[in-house]
Structure formats: structure tokens, C-alpha cells
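Below you'll find the structure, written out as C-alpha cells, and then a few comments.
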2 protein chains.
Amino acid sequence: MTDCLIGVLGGMGPLATADLVQKIIAATPAERDQDHVPMVVWNVPQIPDRQQALAGMGPSPLPVLLEAVRALNQLPISHLVIPCNTAHHWFDALAAASRAPLLHIADATLAAMRQPIVAPSEITGLIATHGTLRAGWYQQRLAATGCEVLEPTPQEMDELFVPGCYAVKRGARVEGGILLEQLADRLAERGASRLILACTEVSPALSAVNSRWLAHSIDTTQALAQACVELWRQSRT
Amino acid sequence: MTDCLIGVLGGMGPLATADLVQKIIAATPAERDQDHVPMVVWNVPQIPDRQQALAGMGPSPLPVLLEAVRALNQLPISHLVIPCNTAHHWFDALAAASRAPLLHIADATLAAMRQPIVAPSEITGLIATHGTLRAGWYQQRLAATGCEVLEPTPQEMDELFVPGCYAVKRGARVEGGILLEQLADRLAERGASRLILACTEVSPALSAVNSRWLAHSIDTTQALAQACVELWRQSRT
């Protein structure tokens, strides 16, 4: 047993969680199995829908999320991460319930954006759920660095983002990718030169259609993976 | 919380565990997150090397595996699976230590082979570690169905299987895939018309090189994924 053990509070959705696991493995310099990041992954998707809850159209996921936090904390986890941006709405309550410190996905993302330093004059398109957009985590952090942020319109959310996101959740990655690539094109037409994929369903969808946008995107799942690899690296020095 | 919660004792290697998770998700008929198989995945690769241990060249992984079994059994898991064939050498001790029943990957594989029924006259090439070959799980089960089994030669093991398998463990999937495809070709030259990929590193490697052999293979990880999906389906009816 090492003193680094990453707890992953996942299942939102299950594919986004699998995507984080794969990105952690791919981002780890390793010569053998034992060099890889130790993690325990709670991938139990029977959690009330976060987007519906925040729209006032369904029960809160908080009780089930707290159960998962308690379950993971029964194990010797050293840190906790959540590969779902929207679930960060309940960040404070989950952090308070966890012995292991909880990393914020937006902090991991901003840390990843600092290297290499991006031109603050660039307009950044933000692809996220209604709940994440409303929370303002990314807008506030980017504003502090002087970056201009562009959000999807309400119509783009209804016609492209929401159906694209839910397509991934039922396994239709290509269908989701086609819709989300259209959304990226719209943001580009309005001036965005790079994107933040601030919903963890988006990157698997864009990958499924080999989207050219991936090269111009900051993927919050990738950023969270890098943060996990960094924690593991630090524990070994 | 449902009464089905699949515990995955993984990390051997980490990529093979991620492969199982993705195959479970892909094999699940789902319209939304909540339809997916609930699982908790112990992906902690700091386990002594199984192949080395069975060759008498390293410590036994059993104590660390038992720790992992105990950790997973602290959670309300209903079943336990191990996405590593070689680790099944310690199956009896691990099953005895687990409250949750432990599925055998070879039983899952033979169950998957029954549908569709394959011609018993076909020669089946078996790709596996020395430890798995020596254990005889697949040979015995296939012999009971009248199938003829072909194993790699010692030279093929040394020059193709072992370096291919360890390439995957350090993340070099394409390098591993090239070696393992050569091994598949050799087995075919000696009469095998289908393969059992009885080491969970093999399928990710062959996938990385888009191997034509995947269409003629029984993938033990895929079989284990199907068994997990079936347990979830049964729990919902």
C-alpha cells in the first residue's frame, strides 16, 4: 500500500469515468504495472440526474453522492476527484464529508492551462451544462487571467449541447460527437479560437468523430488526469 | 444503492482493467447513465508481478491481493471479478477470503463460447502467460467440449508473448500488438483457426494495431464483461 491512492467518485456518466481512468494511465510515465497511479474508482451511475436536479426537474443527487463519498473514505484514499463538472455544484458539501481532500476540476483545468501560457487575447468557448455555466467556475477563473469567455446560446444548448451530452450517456458517441462538433463550429464562427470542454461527456464524443476541435481544446478530464499523475509523482519523490 | 455492485480487483495491469470497464459499458443496453452496470474498481497496480512470482523469481502477490479483497469487501459489493488470467492462480485463496462470490474468468469465457456454438473440430490457439498455460484452466475446459488446443512454443513465448505483454504494461500498445500479432500468425500457420486471448493485455494490444485476428478471437476480457452485464440484467428482473 502506498500513501497515494486516488479515489474517483464517478459514474456521471460511466463512460466519462472510464475516460478519466484511461487518460490517467496514458499520462503516466511507466516502465511496468507498478509505476502506474493507484486508484479506486466508484463507477456507480445510479445517481439522480444532475442536470435535471439543477433545473428543478428531479431529486437532488446529494444524498447518493454523500453515500459514495463515505464508501470511498472507508478505503485508504489520499485524495478524491470527481470526473463530472456539473456534480461540482455540490463540491462544498462533498468536501466537508470527505476525510480525503477533494480536488476541484476547474482548479486542475486552470493549472493545466498555465503550461504552456496561452495568449489572454484569445476568446475561449466554454462547452458545459446549464448548471456548470450558471455556476461560473470557469468564467470567474478565466476572468481573473484576463481571458474573454464565450458561452453557447440558449438555442445551441437545447439543440446541440443537451442532446449531444445525453447521446453519450446512452452510448451513442458518434451521434453525440456530430452534435457537439456543430456546437464547436458555432462558437468558432462567433470568434472562439479555443474551447474548454467543461463537461466530461464531450471529449469521448469528439474523439469518436476524430474532431479537429480536440487539437484546439482544453479537456477538463485530461487536466484532472494530469493533476492525479502529479499527486502520484509527488508521493514517490 | 442496488443489490448488484460488481467489485473489480484490477491493476494487473491497469490498462487491462480499464479495458474491462469500457467493455462492460459498451456491452450494456442503456438509455441513460442509470441503466449502466454499477461497479467499484480497485485499480491499484502496486502488486508483485504475477508472472515473476510463478516463475519463482519474485515475491508472491497473494498478501497484497488479499488486502485488496478485504478492501473491496468493506464496500457492499455483490460479486468480485479479476481482469487478469494469471492472478487466477490464487483463485481459491481469494474466493475463500471474499464475502462476495468470485467469478472465474475461464468459466465466463467458456460460457461466452457456447453462444454461438463453435465447431468442435476447430483448432483453438491459446495465448496466455506461462502461469495460465501451466494451470490448464482453458485446456481442461476445452478438452471437455472436445476442442483441440494449440499452445505457443517456448521460443514463441520468449520472443513474442512475454515482450508483447510487458510492452502493454509500459504503455507501448502498438509495439505489443505487432509482437502478439506475429504470435497469432504462428499459431495460425500450425493450424489454429481461432484464438483465445487468455491474457487481458492481449486484446488492447491487438486493438492498437487493428489486428485482423480480433475477428477470430475469443477475448476473455469481453467474456468477463458479458458475465458482469448478465449479473446486472438478472438483478433488475
Side-chain angles (χ1 to χ4, degrees), chain A residues 1-2 4-8 10-52 64 67-68 70-72 74-77 84 166 168-173 201 204, chain B residues 1-2 4-8 10-52 64 67-68 70-72 74-77 84 166 168-173 201 204:
Chain A
M1 194 70 66
T2 72
C4 177
L5 177 60
I6 306 291
V8 179
M12 302 172 281
L15 195 65
T17 299
D19 190 41
L20 174 68
V21 172
Q22 293 226 313
K23 282 172 175 162
I24 291 174
I25 296 168
T28 309
E31 288 299 314
R32 49 192 198 127
D33 282 354
Q34 291 78 6
D35 294 338
H36 281 279
V37 178
M39 54 182 139
V40 55
V41 184
W42 185 263
N43 202 2
V44 180
Q46 287 69 42
I47 304 174
D49 186 290
R50 287 68 56 195
Q51 296 181 56
Q52 296 278 320
V64 180
E67 260 185 67
R70 279 190 285 266
L72 283 167
Q74 284 178 45
L75 306 177
I77 60 168
C84 169
Y166 280 94
V168 177
K169 289 178 182 296
R170 65 171 193 273
R173 288 170 60 172
E201 311 288 6
Chain B
M1 195 69 68
T2 70
C4 177
L5 177 60
I6 306 291
V8 179
M12 301 174 281
L15 193 66
T17 299
D19 189 41
L20 175 68
V21 172
Q22 292 225 315
K23 282 173 175 162
I24 291 174
I25 296 168
T28 309
E31 288 298 314
R32 51 193 197 125
D33 283 355
Q34 292 77 7
D35 293 338
H36 282 279
V37 177
M39 54 182 139
V40 54
V41 185
W42 185 262
N43 201 1
V44 181
Q46 286 70 41
I47 304 174
D49 186 290
R50 286 68 56 196
Q51 296 181 56
Q52 296 279 319
V64 179
E67 262 184 65
R70 280 190 286 265
L72 282 167
Q74 284 178 46
L75 305 176
I77 59 167
C84 169
Y166 280 95
V168 177
K169 289 176 181 299
R170 66 171 192 272
R173 288 170 60 171
E201 312 287 6

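Heavy-atom basis, side chains included; hydrogens, waters and symmetry copies ignored.
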Checklist entry - To the nearest 0.5 Å, how far apart are OG1 in B/Thr28 and CZ in A/Arg170? => result 15.5 Å
Item to check | Top of B/Met12, B/Gln74, B/His36 for chain A proximity - count of heavy-atom pairs under 4.5 angstrom | outcome: B/His36
Item to check | Exercise: identify the closest heavy-atom pair between A/Pro45 and B/Val37 | outcome: CD-O, 3.9 Å
Checklist outcome for this item: Residue set satisfying side-chain contact (heavy atoms from CB on, under 4.5 Å) with A/Val168, at least two apart, ordered chain then number -> A/Leu15, A/Glu201, A/Ala205
Checklist entry - Using a cut-off of under 4.5 Å for heavy-atom pairs, which of A/Gly171, A/Ala172, A/Ala30 has the most such pairs with chain B? => result A/Ala30
Item to check | B/Val44 versus A/Pro38, closest heavy-atom pair with distance | outcome: CG1-CB, 3.7 Å
Next on the checklist: Please give me the minimum heavy-atom distance between A/Ala71 and B/Leu75, naming the atom from each residue.
Outcome noted: O-CD2, 3.4 Å
Checklist entry - Checking heavy atoms, do the side chain of A/Ile24, its backbone, both or neither come under 4.5 Å from chain B? => result neither
Item to check | Residues which pass salt bridge (charged side-chain N to carboxylate O under 4.0 Å, His left out) with A/Arg32, listed by chain and number, not counting sequence neighbours | outcome: A/Asp35
Checklist outcome for this item: Closest heavy-atom pair, B/Gly11 versus A/Asp33, reported as atoms and distance to 0.1 Å, is O-OD2, 4.1 Å
Checklist entry - With a 4.5 Å heavy-atom cut-off, do A/Val41 and B/Val40 have their side chains touching? => result no
Checklist entry - What part of B/Arg70 gets closer than 4.5 Å to chain A, counting heavy atoms only: side chain, backbone, both or neither? => result neither
Item to check | Interatomic distance, A/Asn43 atom CG to B/Leu5 atom CG [nearest 0.5 angstrom] | outcome: 10.5 Å
Checklist outcome for this item: In terms of heavy-atom pairs under 4.5 Å with chain B, the winner among A/Pro14, A/Ala68, A/Pro48 is A/Pro14
Item to check | Contacting moiety of B/Pro29, where chain A heavy atoms sit under 4.5 Å | outcome: neither
Checklist entry - How long is the span from the NZ atom in B/Lys169 to the CD atom in A/Gln34, to the nearest 0.5 Å? => result 8.0 Å
